[in-house]
Undergrad: 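Please find one structure pasted underneath; my questions will follow.
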Amino acid sequence: IKNRIEANSKKGIRTIFISYYDLITPRDLSLTEDNEDTYFVRVQTGSKNVPSPFEEKVMSLGDDLSQLDLLFSDIVKLSSERQIGSEIIIYSLSTVIHTHGWKRLYTFLTAKIPMIKSSIVSLTCFYYPETHETGADINKFEMMADKIIK
């Protein structure tokens, strides 16, 4: 992940790292003010604010897919307006599936993917297949992916 963030920065691509429940923290990624192209979003229960992308280095977002929806839309809009490529990284997709159920997340992603693909934003998700009861659930998400790295 650190290498990906560094490579993005060298290419002038902003990275928006979304971490669920502090599974990875800004400290884990060694984020400092020097990382001007990296933004960290902490998804936590109880947070009600939808952060405006690119204003603060570390932001909090409530564990609500409608808030994530607004954040994605803002990232795509601002990236397009400023003509700056961005990559959204979600860690971990498995956590979102376990929390919200695969159907809700699948519906959310199928609605967002066309918007993302038509923009200068890319989406990368990390998941752990062994944490899911059935492989069929995770296969639905793998079929949406352009590339799977194992």
Side-chain angles (χ1 to χ4, degrees), residues 1-8 13-31 35 37-81 84-150:
I1 294 172
K2 288 179 183 180
N3 292 341
R4 181 62 161 256
I5 291 170
E6 186 178 310
N8 281 349
I13 297 172
R14 287 185 171 164
T15 303
I16 301 91
F17 190 86
I18 301 173
S19 176
Y20 274 78
Y21 309 124
D22 285 335
L23 292 172
I24 292 182
T25 66
R27 180 179 223 168
D28 295 333
L29 296 179
S30 305
L31 293 182
N35 302 94
D37 292 330
T38 306
Y39 299 84
F40 195 93
V41 179
R42 301 169 86 174
V43 178
Q44 304 167 327
T45 56
S47 183
K48 300 292 182 196
N49 295 341
V50 179
S52 182
F54 314 133
E55 285 186 9
E56 296 179 33
K57 291 294 183 187
V58 178
M59 303 162 266
S60 291
L61 182 71
D63 185 12
D64 180 346
L65 290 179
S66 63
Q67 288 187 22
L68 189 63
D69 183 15
L70 291 172
L71 180 65
F72 273 38
S73 296
D74 286 348
I75 290 168
V76 168
K77 179 182 173 195
L78 288 172
S79 292
S80 295
E81 286 174 358
I84 298 173
S86 299
E87 180 177 16
I88 300 169
I89 300 175
I90 296 178
Y91 189 91
S92 107
L93 193 67
S94 293
T95 303
V96 186
I97 292 168
H98 295 310
T99 303
H100 295 284
W102 74 265
K103 289 180 184 177
R104 261 188 94 207
L105 182 60
Y106 184 81
T107 301
F108 168 77
L109 287 175
T110 54
K112 286 291 157 193
I113 286 176
M115 177 188 71
I116 290 170
K117 286 190 179 227
S118 67
S119 71
I120 55 176
V121 176
S122 63
L123 174 63
T124 301
C125 301
F126 286 86
Y127 68 98
Y128 296 94
E130 64 277 0
T131 68
H132 300 274
E133 290 181 24
T134 64
D137 290 352
I138 205 67
N139 287 342
K140 291 171 183 62
F141 294 95
E142 287 180 348
M143 289 190 308
M144 286 192 291
D146 290 333
K147 180 175 21 172
I148 298 171
I149 302 170
K150 293 188 177 194

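Atoms considered below: every heavy atom in the structure, side chains included; atoms not considered: hydrogens, waters and symmetry mates. The structure presented is a predicted model; accordingly, all values stated were derived computationally and were not measured.
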Undergrad: Could you tell me which non-hydrogen atom of Q44 sits nearest to which non-hydrogen atom of D22, and how far apart they are?
TA: NE2-OD2, 3.7 Å
Undergrad: Mind checking the CD1-CG spacing from I88 to L68? Nearest 0.5 Å is all I need.
TA: 8.0 Å
Undergrad: Between S79 (side chain) and I120 (backbone), is there a donor-acceptor pair under 3.5 Å?
TA: no
Undergrad: Walk me through it: do I138 and I97 pass the test side chain to side chain contact (heavy atoms under 4.5 Å, CB included)?
TA: CA-CA 9 Å; I138 205 67; I97 292 168; 3.9 Å; yes
Undergrad: Can you confirm whether E133 is buried at CD, in the sense that more than 12 heavy atoms of other residues, nucleotides or ligands lie under 6.0 Å from that atom?
TA: no
Undergrad: Please tell me if the side chains of L71 and P53 come closer than 4.5 Å, counting only heavy atoms from C-beta onward.
TA: yes
Undergrad: Please step through side chain to side chain contact (heavy atoms under 4.5 Å, CB included) for the pair T15 and R4, ending with a clear verdict.
TA: CA-CA 9 Å; T15 303; R4 181 62 161 256; over 6 Å; no
Undergrad: Could you grab the distance from atom CZ of F17 to atom CG of L29, nearest 0.5 Å is fine?
TA: 5.0 Å
Undergrad: How are the rings of Y106 and F141 set relative to one another: parallel (under 30°), tilted (30 to 60°) or perpendicular (over 60°)?
TA: perpendicular
Undergrad: To the closest 0.5 Å, what do you measure between CZ (F40) and CD1 (I5)?
TA: 8.5 Å
Undergrad: Looking only at heavy atoms, which two atoms of S118 and M115 are closest? And how far apart?
TA: OG-O, 3.1 Å
Undergrad: Determine, stepwise, if the pair L109 / L123 fulfils side chain to side chain contact (heavy atoms under 4.5 Å, CB included).
TA: CA-CA 10 Å; L109 287 175; L123 174 63; 4.0 Å; yes
Undergrad: Could you work out, with ring-ring contact (aromatic ring centres under 6.0 Å, His included) as the rule, every residue matching H100, not counting sequence neighbours?
TA: none
Undergrad: Distance check, rounded to the nearest 0.5 Å: C125 atom SG versus E142 atom CD?
TA: 12.0 Å
Undergrad: Heavy-atom distance under 4.5 Å between the side chains of I16 and F54, does that happen here?
TA: yes
Undergrad: Do D37 and N8 come close enough that some side-chain heavy atom pair is under 4.5 Å?
TA: no
Undergrad: At what distance, to the nearest 0.5 angstrom, does NZ of K103 lie from NZ of K140?
TA: 9.0 Å
Undergrad: Looking at every heavy atom in both G62 and Q67, which two are closest together, and how far apart are they?
TA: N-OE1, 2.8 Å
Undergrad: Starting at CD1 of I18, measure out to CD1 of I75 and round the result to the nearest 0.5 Å.
TA: 5.5 Å
Undergrad: Measure up the Y91 and F126 rings against each other and bin them: parallel (under 30°), tilted (30 to 60°), perpendicular (over 60°).
TA: tilted
Undergrad: Checking side-chain polar atoms at under 3.5 Å, does S66 have a donor or acceptor matched by the opposite partner on D69?
TA: no
Undergrad: Has the side chain of S119 got a donor or acceptor atom that lies under 3.5 Å from a matching backbone atom of I116?
TA: yes
Undergrad: Taking the side chain as everything from C-beta on, heavy atoms only, tell me whether I90 gets closer than 4.5 Å to V43.
TA: no
